[in-house]
Peer 1: 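The structure is given below, and queries will be raised subsequently.
Chain letters run A, B, ... following the sequence lines, proteins first and then strands; every chain starts at 1.
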Amino acid sequence: MSQAVEGDVASGEGVTDALDREAAEGRSGGEPEWMRERRMHAFDVYERTPMPTRRLEEWRYTDLDEKLDLESLVLGRRSDVADDPEAWPEGVLTAMEEDWDAAAHVVLIDGTVVHVDLDEALAAKGVVVSSLGDAMNDEDAWEDIKQYLATQAVTPERSKFAALNSALFLDGVYVHAPRGVHIDLPIRVTRWVSTAGAAHFDRALILAGETAKVTYIDEVLSEDLDDHTFVSNAVEVIAKDGANVQFVQMQRLGRNVFAHSQQRTLAHREASANTLNIALGATTSRLDLNAQMLGPGSSSEMLGLYFADGDQHFDHNTSQDHVSPNAFSDLLFKGALDDESRAVFRGIIRVHPKAQQSDAYQTNRNLLLSEESSADTLPNLEIAADDVKCSHGATVGQLDENSLFYIMSRGIPQERAERLVVMGFLGEVLLKVSLGGVVEKITREIERKLAHV
Amino acid sequence: MPVNETVQDLNLDEYKYGFVDKEEHVFRTRPGLSEEVVRQISKHKDEPEWMLDFRLKALEIYESKPMPEWGGDLSKLQETLEEIYFYVRPQDQMERSWDDVPANIKDTFEKLGIPEAEQKALAGVGAQYESEMVYHSLKQEWEDQGVIFDSIEDGLKNHPELFKKYFGTVIPTADNKFSAMNSAVWSGGSFVYIPPGVELKTPLQAYFRVNQERMGQFERTLIIAGEGSRAHYVEGCTAPVYSTESFHSGVIEIVVEKNAHFRYTTIQNWSNNMYNLVTQRSIVHEGATMEWLDGNLGSKLTMKYPSCYLVGEGAHGNILSIAYAGDGQHQDTGGKIIHAAPNTTSSIVSKSISKGTGRSSYRGLLQVHDGARNAKSNVECDALLIDETAKTDTYPYIEIDEKSAHIGHEATVSKVGDEQLFYLMSRGMSEEEAMALIVRGFIEPIAKELPLEYAVELNRLIELEMEGSVG
C-alpha cells in the first residue's frame with residue numbers, strides 16, 4: 001500500500017523540534033554537495049509521508065502511537081569518545097572479546113565510528129572497511145558510495161522511517177570487497193548506545209564485487225536505559241554477480257529502547273545474500289527485511305531467532321522478491337515468548353511475472369512459554385508465475401510435552417528440561433549457521449535469558 | 001511438450017447458462033440507493049416499524065463507511081451501485097404448489113439442468129427467482145417436526161418473536177460496509193429454525209437466481225439450529241451473463257446451539273460480470289459443530305470469508321473452501337475462525353485453481369483468545385496454477401493470545417506437472433482429459449463432501465472450464 005500523499009501537500013507528521021529540516025542540514029556539514037542534496041530529498045520524503053498507523057498492513061500489530069514517542073527525543077550527537085579501548089564503555093570490550101577473531105573490527109558509539117582496524121593483507125587487496133563519513137570524502141570510495149548509498153536498497157521512498165534514516169544518519173560502516181576477493185574471517189561491528197532519550201541513526205553499506213565473499217557480523221547493544229530511546233539502523237547489501245554475502249545482526253539493546261532495523265539485500269546473477277537476525281533486547285524491536293532476487297540463479301537464506309520476555313514487543317516484517325527466474329529463497333524465523341511479551345511476524349513471498357522456476361519457502365514458528373505471551377503470524381504469498389515451488393508454514397504452540405516428558409524421565413528436573421526443549425527449538429536456526437563464535441555467543445545469551453524463566 | 005506453451009490460448013466457452021428470460025415485474029424501485037428506496041422496500045413488504053428503523057439506521061452506517069481498500073479491486077463498484085435496482089419483486093404472492101409456479105420460471109429450472117421430477121423429489125426446495133421466494137415447499141414430516149423453512153419475509157411475519165431475538169445478532173449491521181448495505185435493503189433469503197433434537201436426513205436446498213440486468217440481490221438468511229439438532233443447508237446459484245456489471249451482497253447468519261451439528265454448503269457460479277460480496281457467519285455454542293463448505297466458481301470478484309465464532313466449550317468449526325478463478329476473475333475467499341472458549345477445535349482446508357488471467361487469493365483469520373485453553377487449529381491452503389498468467393495469493397492472519405494453543409498453517413503452490421500430464425497421456429488420454437483429471441484429483445477432498453448432485457454439477461463445471469484449455 002502506498003503511503004505517499006498526493007501532490008506536494010506536506011503531512012509534517014513526525015517532524016519535531018529535534019527531528020527537523022535543520023537537523024538534516026546540520027548533518028551534511030563537511031559532506032559533499034551530492035550528499036547534502038540526498039539528505040534534503042530524504043527529508044522532503046519524510047515530511048510528506050504520513051506516519052504509519054495500524055491501518056497499514058505492515059503496521060497492523062505495532063501501534064507507533066503507543067510504542068514510539070518522537071516528540072520526547074533529542075537528536076543523537078556525535079560521540080567524542082577516543083579511539084582507545086580504555087575510553088570505551090566496559091560492555092563494548094566484553095562483547096568484542098567474547099568472539100574476537102576477525103578480518104576487521106569496527107566500533108561505533110552512539111552512531112559514531114570511533115575505531116576501525118582491518119587486516120593489512122586485505123587492505124592490500126583493495127578491501128575497504130571504513131566509516132561512511134570518511135568514505136564519502138575519500139577519492140577511492142566516494143563514487144561507489146554516491147552510486148549505492150540510499151539509492152538502490154534502503155531508499156527514502158521505501159518508507160517514512162527509511163526516509164528519516166537517510167536524512168539524519170550520523171555515520172555508519174562502509175565495506176567494499178573488490179571483485180574476486182574472499183574475506184574469510186568475519187568483519188565484526190560493535191555498536192554501543194549510551195545516550196538515553198535520544199534518536200540515533202546509523203547505517204551500513206556492504207558492497208561485494210563480482211564473486212567476492214564477505215561475512216559481516218553486527219552487534220548492537222546497550223545497558224537498560226532510563227529514558228525512551230530510538231535506535232534506527234539501515235543496512236544495504238549489494239551482492240554483484242556471483243558474490244556471496246553473509247550478514248548477521250545481533251540486537252542486545254537494553255530496555256526503554258525502540259530498535260528499528262531496515263535491511264535490504266540485492267542479489268544479482270548467481271549471487272547469494274544471506275541474513276541472520278537475532279532479537280533479544282530492547283523494549284520494542286522492529287525489523288524490516290527485504291531480499292531481492294534480482295539476477296537469475298540468485299539466492300537468499302533468511303534466518304531469524306528471537307526470545308522475548310517481560311513486556312517486550314518484537315515485530316518482524318519480511319519480504320522475498322523473486323524478480324528473476326531460477327532463484328531460491330528460504331526463510332526460517334523461530335522465537336520463544338515468555339511473560340507478557342508479544343511477537344509479530346509478517347512475511348511475504350512475491351514471485352513476479354516471468355520469475356519461473358522460483359523456489360521460495362517461508363516458515364515462522366513460535367513457542368509460547370507463558371499464559372500472557374502472544375504471537376501474531378502472517379505468512380503471505382503472492383504468486384504471479386506458474387512454474388514455481390512455493391510453500392509457507394506457521395505454527396504457534398507451547399512446549400512439546402513429549403520431549404519434556406522424555407527428558408524428565410532421564411532424571412533431569414523440570415526447569416532444566418524446559419530450558420533444554422526451548423534450546424532445542426531455537427537451535428534449529430543456529431544449526432544452519434556455520435559461524436562458531438556467533439552461535440556460542442547467542443546460545444549463552446539465550447541461556448542467560450532462560451535462567452529467569 | 002511444455003505446458004506453458006500449450007495452455008496459453010485458452011478459450012473459455014460461452015457461459016453455459018447465458019440465457020435471459022423476459023422480465024415480468026410487479027414492482028421495482030428506482031436505480032441507486034437512497035432513503036426513499038429503503039422506505040419503499042419496507043413499506044412494500046408491510047414491515048413492522050422496528051424493521052424500518054433498523055434499515056434506516058443501516059443505511060446511515062453504510063454511507064458512513066469507506067469502500068474497503070483491501071481484497072479485490074472495488075474501484076469501479078460505485079458506478080455499478082448507482083445503476084442497479086435495489087429491489088424488484090416479480091410476483092405478488094407466494095406459490096404453494098408446483099402447478100402454480102409460472103411457466104417461465106419452470107423453464108429457467110429446465111435450463112439449469114434440473115429435471116422437474118428431481119426437483120420435486122428434492123426436499124424443501126425454495127427457489128429464489130429475483131428478489132423473492134416464489135416457490136416454496138416443505139416436506140410434511142418436517143412441518144410435523146416443527147421445522148420452519150420460510151422465506152425471510154414470512155419468517156418476520158409469522159415468527160416475529162423468534163425472528164427479532166436472533167436477527168442481526170450474529171452479524172451486526174456495522175460489521176462491514178456491505179453487511180450495512182444488506183441490512184438496509186435486504187430482500188429474499190431464507191428463515192430456518194430447527195427445533196432441539198431434530199435431525200434432518202435430507203438437506204434443505206435453495207436455488208438462487210438473478211435474472212434482471214443491473215439488479216442487485218441482497219438475500220438475507222437467518223438460521224437457528226436448536227440444541228442437539230442436525231441439519232444441512234445447501235445454497236447454489238447460477239446467473240445469466242450480462243454486459244454490464246452486476247452486484248450481489250448477501251448476509252447469512254447462523255446460530256448453532258449446544259451440541260447441534262450444522263453444515264452450510266454454497267456453490268456459487270455467478271456469471272463473470274458479478275460482484276459477489278457476502279458476509280457469512282456462525283456462532284457456535286458448547287459442543288456444537290459448524291461446517292462451511294464454500295465453492296466459488298463464478299463471478300467477476302468474490303469476497304467471501306465464512307466464519308465460525310466458537311463461543312462455547314468444545315465447539316468445533318470446519319471450513320472447506322474451493323475456488324476457481326478463470327480469465328478475468330478474482331476469487332478472494334477464505335475463512336475466519338475465532339476461538340473464544342476452551343477446548344475448541346477448528347480446521348480450514350482451502351484449494352484454489354487459477355487459470356488464464358485468473359487470480360485466487362486465500363484470506364484467513366485465525367484467532368485464539370486469552371483463556372481459550374487447549375484450542376487446536378490447522379489450516380491448509382493449496383493453490384494450483386494452470387497458466388503463467390495466472391496468479392495466486394495467500395494471506396493468513398494468525399493471532400494467538402493463549403499459551404496452550406496448538407496452531408498450524410501450511411500452504412503450497414504448484415503447477416500441473418509435466419510428468420503427471422505425460423504419464424496420463426501415455427495411458428491414452430488426451431491432454432485435455434489428463435488436465436481435467438488432475439484438476440478433479442486436486443479438488444477431490446472437497447468434492448467428496450458435497451451431496452451427490454452437487455458433486456456431479458461441480459465436476460461438470462470443472463470439465464466445462466477445462467474445455468479448450470489445452471492443445
Peer 1: For the CG atom of A/Leu56 and the CD atom of B/Glu69, what is their distance to the nearest 0.5 Å?
Peer 2: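 Separation between the atoms: 10.0 Å.
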
Peer 1: If you count heavy-atom pairs under 4.5 Å between each of A/Ala385, A/Gly393, A/Ala375 and chain B, which one has the most?
Peer 2: A/Ala375

Peer 1: With only heavy atoms counted, which part of B/Asp370 is less than 4.5 Å from chain A, the side chain, the backbone, both or neither?
Peer 2: side chain

Peer 1: If you tally heavy-atom pairs under 4.5 Å against chain B, which of A/Arg346, A/Glu371, A/Lys354 wins?
Peer 2: A/Glu371

Peer 1: So A/Glu57 and B/Tyr395, side-chain hydrogen bond (donor to acceptor under 3.5 Å, both in side chains) or not? Walk me through it.
Peer 2: CA-CA 11 Å; A/Glu57 270 307 301; B/Tyr395 306 105; over 6 Å; no

Peer 1: Name the region of A/Arg60, side chain, backbone, both or neither, that has any atom closer than 4.5 Å to a heavy atom of chain B.
Peer 2: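 It is the side chain, since no backbone atom gets that close.
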
Peer 1: At a 4.5 Å cut-off on heavy atoms, which part of B/Ala390 comes close to chain A: side chain, backbone, both, or neither?
Peer 2: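 For B/Ala390, the backbone is the part near chain A, not the side chain.
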
Peer 1: Distance check, rounded to the nearest 0.5 Å: A/Gln398 atom CD versus B/Glu402 atom CD?
Peer 2: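 These two atoms lie 8.0 Å from each other.
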
Peer 1: By the ring pair (Phe, Tyr, Trp, His ring centres under 6.0 Å) test, which pairs, at least two apart or in different chains, include something from residues 366-393 of chain A?
Peer 2: A/His392-B/His409

Peer 1: Could you give the distance from OH (B/Tyr362) to CG (A/Asn380), rounded to the nearest 0.5 Å?
Peer 2: 11.0 Å

Peer 1: Measure distances from A/Tyr61 to the heavy atoms of chain B and classify the residue's part below 4.5 Å as side chain, backbone, both or neither.
Peer 2: side chain

Peer 1: If you measure from CD on B/Glu399 to CG on A/Leu378, what distance do you get to the nearest 0.5 Å?
Peer 2: 7.0 Å

Peer 1: Counting heavy-atom pairs closer than 4.5 Å to chain B, which one of A/Ser391, A/Pro353, A/Ala394 comes out on top?
Peer 2: A/Ala394

Peer 1: Is it the backbone or the side chain of A/Pro379 that comes under 4.5 Å from a heavy atom of chain B, or both, or neither?
Peer 2: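 Backbone plus side chain of A/Pro379, per the 4.5 Å heavy-atom cut-off to chain B.
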
Peer 1: What part of A/Ser373 is in contact with chain B, defined as an atom under 4.5 angstrom from a non-hydrogen atom: side chain, backbone, both or neither?
Peer 2: backbone

Peer 1: Out of B/Thr392, B/Asp393, B/Thr412, B/Val413, which one pairs with A/Leu381 under the side-chain contact (heavy atoms from CB on, under 4.5 Å) rule?
Peer 2: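 Passing option: B/Val413.
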
Peer 1: Does A/Arg54 CZ have over 12 foreign heavy atoms under 6.0 Å away?
Peer 2: yes

Peer 1: Atom CZ in A/Arg365, atom CD1 in B/Ile407: separation rounded to 0.5 Å?
Peer 2: 13.0 Å

Peer 1: Considering only heavy atoms, which portion of A/Ala384 lies under 4.5 Å from any heavy atom of chain B: side chain, backbone, both, or neither?
Peer 2: both

Peer 1: In terms of heavy-atom pairs under 4.5 Å with chain A, which of B/Asp401, B/Ile400, B/Leu385 leads?
Peer 2: B/Ile400

Peer 1: Evaluate whether atom NZ of A/Lys389 has more than 12 neighbouring non-hydrogen atoms of other residues, nucleotides or ligands under 6.0 angstrom away.
Peer 2: no

Peer 1: Using a cut-off of under 4.5 Å for heavy-atom pairs, which of B/Ala405, B/Gly408, B/Pro396 has the most such pairs with chain A?
Peer 2: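 Of B/Ala405, B/Gly408, B/Pro396, B/Pro396 has the most heavy-atom pairs under 4.5 Å with chain A.
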
Peer 1: Rounded to the nearest 0.5 Å, how far does OG1 of A/Thr395 lie from CD of B/Glu410?
Peer 2: 9.5 Å

Peer 1: With A/Arg286, which residues qualify under salt bridge (charged side-chain N to carboxylate O under 4.0 Å, His left out), at least two apart?
Peer 2: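 Testing A/Arg286 for salt bridge (charged side-chain N to carboxylate O under 4.0 Å, His left out), a comparison that skips the adjacent residues, returns A/Asp288, A/Asp315.
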
Peer 1: Check whether any side-chain heavy atom of A/Gln356 lies under 4.5 Å from a side-chain heavy atom of B/Glu388, and answer yes or no.
Peer 2: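 A side-chain contact exists here, since the closest heavy-atom pair is under 4.5 Å.
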
Peer 1: Name the member of B/Ser404, B/Ser361, B/Cys381, B/Ser377 that forms the most heavy-atom pairs with chain A at distances under 4.5 Å.
Peer 2: B/Ser404

